[in-house]
Every structure is written in C-alpha cells, then in structure tokens.
S.K.: 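Structure below; questions to follow.
All figures in this text were calculated on a predicted structure; none of them were measured in a lab. In what follows, residues are counted from 1 in the order of the sequence shown. Just the heavy atoms: all of them, side chains too, but no hydrogens, waters or symmetry mates, feed the values below.
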Amino acid sequence: PRSTLFPYTTLFRSPAVEEAFDGFYSKNGLIYPESERIFEEDPSRMMRFFLHSQRRNLRTSPEIRKLFKLNWDRIDDEFRRSRAIRDTFEEILQARGQVAHIFRRMHRVGFLGRYLPEFGQLTDLVQHEFFHRYSADEHTLRCIEILDSLILTEDPKKQLFKRIFQDTEDPVALYVALLMHDTGRAENVRHHEDASAILAEQVCRRLGYRGDRLRLIMFLVDHHLTFWKTSTTMDISDLQTIADFATAMKSTHWMEALHLFTYVDSNGTNDEAWNDWKASLMMQLHRRTAAYFQDRGKYRQEFTRPLAETKREVLEKVPAAWSDEVEAHFTTLPDRYFRHRGVSSIVRHVELFHRFFEKIGRTGNDSLVPVLGWEARPNEGYSLLEVAGWNRHHLLAKVAGALAARNLNILSADLYTRSDDLVLDIFRVCTATFNPVTSPREIERIEKLLEQEFGVGEKGADFRSLIENRVSPSILREEPPNFDIPQRVYLSNDDHETTTVLEIQAQDRIGLLYDLFTLLGNLDAEVLNARISTQAGAAIDRFYLVDSQTETKITGKDRLAEIEAKVSECLHLTRAE
C-alpha cells in the first residue's frame, strides 16, 4: 500500500538518485530515507544518519524530519547505553570544526535532547542572568559554533585559540564538556557549575568514559567560570593568586584547554563579554601560570628578588643626579608595589615623580596638582594612566570623577601610598569603544579638570554636575537594560590575607566609581586595588580595602555593617531585614 508518511516517489530509487547507502539515499544535496521503516529496522541508524550527513555534506529532507518525530520513543535507555551508537557519536565529534551544524540538526529534529536528556532540559530555558542574551540551549550551540569557526580563522587575535584547538588530542572531551557546561542551570540552583558537574559525570558514566577523557570533561565543566573569575576579579600580579590558580589547573595542558573554553563560553554569551582588555587579562594570567608551572622556584624568586639588585638596574637607567629620588622611591613605597614589577615600569614611575618634584620646586598653585603619565596600549584595548602627587583627600575619587566627566572608563586601579605622603595611582582606562585614550585634546581636558579641582584658590570642578550632563553613555555604561540586574554587596575579611574584600554587583552608570570612591574615602576605607568588570549593563567590581589609619584589615562588626549599608545605599539597594 501507498505510504501515508512519504510521497509515493520517495519510496523508490529514481534516475536522479546520486547515491544509496545504509537505508538512505541522496538527491540534490538532501538525504532521504529509502522507506519509513529504516529506524524501526535499525534504531542505530538514527545516529548514523548524522554521521552520513556530516561526511557527505548533505542537508536534512522534510521526510527525514517527519520520520525522526515518529520515532522519538526509540531513543530510550537501551539506545543511550548502546556502545555502537556511542562509537558513532564519537566519530561525529572527532571531526573538529564540523560538529556545530550537526548538533544544530540533532536539536532541530528533537534527537539531541533525547539522546542526552541532561542537555534536553535546556531547550528554550531562559537564563535569568543579566549577561546571557540567549536561551540556555542556544547559548550552548553558539559556543560550539564559535569553537568550530576557529579551524579556518585567519584573525591574528584568535591564533592562540586556534592552535590550542588544533593541538587538542581529544576533541570529543571539548565538545562534550561544552554540551554539558550549563546543564546545571535547569536545576535552578545558586551555583550551576556544581550541578552541571554532577550531570556531566552522569553522562560520562552512561557513555562509558574513563581515564583522561573523563577527567578533562569534569575539569572543564567544574571550572568553566574559574579562568574568567580569576582574571577579572583577582589581583593576578599577586603570587598567591597565581599559585592558587595553578593548583586548580593542575597542568599547563588543562589550563590551555580552559583558556580556550573560556574564550568560547564568553563569546557565546553576549557581544560585550569579550574585548581586548579582558583578553589581555586572561593572557597575563595564562603566561604567568605557564611560567609558574615551568619553574615554580624561579617564579617565586621573581617576588623575592633582592631589591638592591633591582635598584641597581634602575640607577643605571636614570641620570646620576636622581640617585636620592631613586633611594626614596625604594624606601617609601610599600613592599607590595615591587612584587612582579619590572625595572622598566619602576623607571617610568621614578621619572613621573621627578616631574612632580620639579613642579614642587616652582612657585605657584600648580605644585599641588598631581602629574599624569599616559601610555596607550592598543593591542590590549586600554591606556595606562599613572598619577603621582600628594596624598590629598579623595584623590582617587577625583581622578575617577574627571574620567567619568569625559565618558572614559576605568578598567582597574592599583593604588600605592608612600611613607612620605606621596601617592602613585595606576589606572587602566579606555574610551567608550574599548580603545586606548590617544587624543591629545582629550588628555588635555582631563588634566585641566584636575588642575581646576586641586589648584589652590580655584573653584573646584563640579564632577557630579559634569557627570549628570553626559548625554552619550559608553558601550560599557549603556542605557539601563530592559531586565533586572541582581544587585548585591559582599564584604569579607576571609577572602584575602591582608585586606578586606568588597564585591559589588549592580546596574552600571556613568560616575558609579566616582560615587563609590568618594563614599569609601569618607568612611576611611582606603582602596589598595580595584578590579572593574562591566558587561551587559552591569558593574561587577572587586575592591581590596584597608583602614586608612592603621593600613590593616577593616574590623569591627559595626564598622563593616556601616560600609555595607552605605555602599548598598549608593547602589540604590534595599537591605534585607
């Protein structure tokens, strides 16, 4: 009798048939079933269909889509545990660079979520995190497309990731880890990575994965946020940060795989999640950890290098008349300044202070104005702004105010107070388009604002008014999103050995850092280091604080509660009763 599923002509080979194979045939670039019983006769053909499509570069015919739908119930536990079907699945995943479109086809015909029910729970799942622009299943498939695209890329910025992907001995582990990395979101738990790891282990056990493959999959899923969090929120110039990160990574090979994974995951999240600045942070973390793995003793020596040796090299690079200034630089700056800081940057800072000392020697009000040094770093998407001057009240807030008034963004800040009451503040800043600040006129405007603010007898700059008059928000500080950003304040003395850690997550706005730095200054909380991360309209910032009087951790429940309350108020938060 005539088939009710297919047109009569599809049941028979026609002169236009190009090839017949395994119960299928191809025609005009499409793959067709030779009968409506092929999956009933051999359910494993359902998996082999995708392998044939991949190898022959064939598209799915409407008849095949209908046939899959009619046979969904054949994808049962026995099917999922079949070794032959698993082997075919792995064959598909071995073709690095040619997997994403096959996963898309599996998903469209309802196969992927049934073969891997853990992934199937993500179908059309809305992710209630502000930085995710896609449903959970779409995000995962986009990640795999980004991974595949590396094979043919000629973009010089992507060559590291292309090399890591090409050198990966087991691409199956990468693809499976990507499929599983966000499955825990369907569990609706606070830390989805933990739930994802449990589900990934369940899948690996069912697929019979053991040894290196199992360990790599579990590592990538369990740590898929670790590289991003460490590079964007921690002080990666700190030896302990590198040592702790290396312990988590276990080997250079696994670290490189996670770096690739992080690149893919970030780019599959939203268009702003990856930029040159974040790429440079992750590259610094990569290189420092690789050096640590290569020779841990030598790397530790870099942090304990005798200052006399460094000082001698600095003296060789500056005029002999500056020897007293060099001596003061080495004796008055805190020890943490010299950790992992090269001779060239120390020389640059000595020169900056020399400029300031020259100003002090002149008469006039400008001797109270800090001096600024600028260095554009286009490959990393930012400019280095270094400030030297007297340790005046709210210096940090006022620099932040001047930058915000010109719609420039602070990416990070390292802040050092000398024992002779001078300060060195190091900022990494960028324009609204994630580029370094290179315009001489823009630099002049910022310096004029600070001259106006710090000059004796001058009417100070009204930063609040200037900030509120900004009418062109940057990419980083975009218009308020049309969804709620979870806002929170976290204050702890347990996260760092010598400082109190303040973390905030809030809707970003122009001048937010100016407000926060002003507030912290009023509360006698000195910021030693700030890591600023902004994406999808949200500020995710981490500040390392000490008491400005004792230069130690901020203690006392009442004091910490006051800081938390004031910061929450600044972020327009309502404290829970």
S.K.: Working to the nearest 0.5 Å, report the span between CZ of R114 and CE of M106.
M.R.: 14.0 Å
S.K.: Considering non-hydrogen atoms only, spot the tightest contact between V203 and M180 and give its length.
M.R.: CG2-CE, 3.6 Å
S.K.: To the nearest 0.5 Å, what is the distance between CD on E34 and CZ on F21?
M.R.: 8.5 Å
S.K.: Evaluate the side chain to side chain contact (heavy atoms under 4.5 Å, CB included) criterion for residues M249 and T226: first the C-alpha distance (whole Å), next the side-chain angles of each, then the deciding distance (0.1 Å), finally the verdict.
M.R.: CA-CA 9 Å; M249 295 301 98; T226 302; 4.1 Å; yes
S.K.: Taking M234's backbone N and O only, do any of them form a donor-acceptor pair with R542's side chain (distance below 3.5 Å, no angle check)?
M.R.: no
S.K.: Counting N and O atoms only, with roles assigned by atom type, does the side chain of D222 sit under 3.5 Å from a partner on the main chain of A197, one being a donor and the other an acceptor?
M.R.: no
S.K.: Calculate, to the nearest 0.5 Å, the distance between atoms CG and OG1 belonging to L93 and T88 respectively.
M.R.: 11.5 Å
S.K.: Less than 4.5 Å apart, any side-chain heavy atom of I92 and any of M47?
M.R.: yes
S.K.: Counting only N and O atoms by type, is there a donor-acceptor contact under 3.5 Å from the side chain of T241 to the main-chain atoms of D235?
M.R.: yes
S.K.: Got a salt bridge between R163 and E256, using NZ or NE/NH1/NH2 to carboxylate O under 4.0 Å?
M.R.: yes
S.K.: Can you find a side-chain donor-acceptor pair between D42 and S44 that sits under 3.5 Å?
M.R.: yes
S.K.: How close do W277 and I532 get, counting heavy atoms only, and between which atoms?
M.R.: NE1-O, 4.2 Å
S.K.: Quick one: which of T140, L199, L116, V221 gives a side-chain contact (heavy atoms from CB on, under 4.5 Å) with T183?
M.R.: L199
S.K.: Determine whether the aromatic ring centres of residues F24 and Y32 are separated by less than 6.0 angstrom.
M.R.: no
S.K.: Tell me if a side-chain donor or acceptor on T153 pairs with a main-chain N or O of S149 at a distance below 3.5 Å.
M.R.: no
S.K.: Around atom CD of E41, are there more than 12 heavy atoms of other residues, nucleotides or ligands at under 6.0 Å?
M.R.: yes
S.K.: Answer yes or no: is there a side-chain heavy-atom contact under 4.5 Å between L150 and L260?
M.R.: yes
S.K.: Are H107 and F119 close enough that some pair of their side-chain heavy atoms sits under 4.5 Å apart?
M.R.: yes
S.K.: Would you confirm whether the ring centroid of F89 sits within less than 6.0 angstrom of the ring centroid of Y209?
M.R.: no
S.K.: Taking C-beta and beyond as the side chain, do P43 and N71 meet within less than 4.5 Å on heavy atoms?
M.R.: no
S.K.: Might you work through the salt bridge (Lys or Arg N to Asp or Glu O under 4.0 Å) test for E138 and R104, ending with a clear yes or no?
M.R.: CA-CA 9 Å; E138 177 61 20; R104 283 270 183 203; 2.7 Å; yes
S.K.: Report the C-alpha distance between S383 and F427 in whole Å, list the side-chain angles of each, state the deciding distance to 0.1 Å, and finish with yes or no for side chain to side chain contact (heavy atoms under 4.5 Å, CB included).
M.R.: CA-CA 8 Å; S383 281; F427 301 90; over 6 Å; no
S.K.: Do N435 and D276 touch side chain to side chain, with heavy atoms closer than 4.5 Å?
M.R.: no
S.K.: Could you walk me through whether L67 and E36 pass the side chain to side chain contact (heavy atoms under 4.5 Å, CB included) check?
M.R.: CA-CA 7 Å; L67 194 58; E36 62 183 30; 4.3 Å; yes
S.K.: What pair of heavy atoms forms the shortest contact from G208 to R86, and how long is it?
M.R.: CA-NH1, 3.8 Å
S.K.: Give a yes or no answer on whether the side chain of R531 reaches the backbone of D541 with a donor-acceptor pair at less than 3.5 Å.
M.R.: no
S.K.: So, S26 side chain and L30 main chain: donor-acceptor pair closer than 3.5 Å or not?
M.R.: no
S.K.: Kindly indicate whether the side chain of Y25, heavy atoms from C-beta on, has any atom under 4.5 Å from the side chain of P33.
M.R.: no
S.K.: Side chains of R428 and R377, heavy atoms from C-beta outward: is any pair under 4.5 Å?
M.R.: no
S.K.: Nearest 0.5 angstrom please: L258 CG to L225 CG, how far?
M.R.: 9.5 Å
S.K.: Would you call R59 and R105 a side-chain contact if the rule is heavy atoms closer than 4.5 Å?
M.R.: yes
S.K.: Picking from Q98, Q166, K162, what satisfies side-chain contact (heavy atoms from CB on, under 4.5 Å) with I151?
M.R.: Q166
S.K.: With rounding to the nearest 0.5 angstrom, report the CD1 to CD distance, I31 to E18.
M.R.: 11.5 Å
S.K.: Using 0.5 Å steps for rounding, measure from the CZ atom of R205 to the CZ atom of R81.
M.R.: 8.0 Å
S.K.: Is the closest side-chain donor-acceptor distance between D244 and Q240 under 3.5 Å?
M.R.: yes
S.K.: We want to know whether D495 and Y490 form a side-chain donor-acceptor pair, criterion being a heavy-atom distance below 3.5 angstrom.
M.R.: yes
S.K.: Taking NZ, NE, NH1 and NH2 as the nitrogens, is one of them in E40 or R45 under 4.0 Å from a carboxylate oxygen of the other?
M.R.: no
S.K.: Between the side chain of N275 and the main-chain N/O of F434, is any donor-acceptor distance below 3.5 Å?
M.R.: no
S.K.: Quick one: does any side-chain atom of R210 pair with a main-chain N or O of R215 as donor and acceptor, under 3.5 Å?
M.R.: no
S.K.: I'd like to know whether K69 forms a side chain to side chain contact (heavy atoms under 4.5 Å, CB included) with R65, so could you lay out the CA-CA distance, the side-chain angles of the two residues, the decisive distance to 0.1 Å, and finally the verdict.
M.R.: CA-CA 6 Å; K69 188 172 183 179; R65 291 193 186 97; over 6 Å; no
S.K.: Of the non-hydrogen atoms in S568 and V489, which two are nearest, and what is the gap between them?
M.R.: OG-CG2, 3.5 Å
S.K.: If you count every heavy atom of other residues, nucleotides or ligands that lies below 6.0 Å from N57 atom CG, does the total exceed 12?
M.R.: no
S.K.: Just one of Y263, F245, W254 clears the ring pair (Phe, Tyr, Trp, His ring centres under 6.0 Å) bar with F227, so which one?
M.R.: F245
S.K.: Taking all non-hydrogen atoms of both residues, which atom of F219 and which atom of A248 are closest, and how far apart?
M.R.: CE1-O, 3.4 Å
S.K.: Just by modelled atom types, is the A539 backbone N or O under 3.5 Å from a matching donor or acceptor in the D508 side chain?
M.R.: no
S.K.: Between R56 and E19, is there a side-chain N and carboxylate O pair less than 4.0 Å apart?
M.R.: yes
S.K.: Ignoring hydrogens and angles, state whether a donor on the side chain of Q505 or Q487 is under 3.5 Å from an acceptor on the partner side chain.
M.R.: no
S.K.: Are the ring centres of H181 and H139 closer than 6.0 Å?
M.R.: yes
S.K.: Between the main-chain N or O of W228 and the side-chain N or O of S231, is there a donor-acceptor pair closer than 3.5 Å?
M.R.: yes
S.K.: Hey, are R206 and D77 close enough for a salt bridge, meaning a charged N less than 4.0 Å from a carboxylate O?
M.R.: no
S.K.: Are H259 and F161 an aromatic pair, judged by ring center distance below 6.0 Å?
M.R.: yes
S.K.: Between R213 and E90, does any NZ, NE, NH1 or NH2 come within less than 4.0 Å of an OD or OE carboxylate oxygen?
M.R.: yes
S.K.: Output, in order, the C-alpha distance, side-chain angles, deciding distance and verdict of salt bridge (Lys or Arg N to Asp or Glu O under 4.0 Å) for R488 and E503.
M.R.: CA-CA 8 Å; R488 52 180 170 261; E503 288 184 356; over 6 Å; no
S.K.: F39 and ring pair (Phe, Tyr, Trp, His ring centres under 6.0 Å): which single residue from W72, F49, F68, F111 fits?
M.R.: F68
S.K.: Quick one: do the H224 and D265 side chains pair a donor with an acceptor below 3.5 Å?
M.R.: no
S.K.: At their closest point, which heavy atom of A530 faces which heavy atom of F543, and how far apart are they?
M.R.: CB-CD2, 3.7 Å
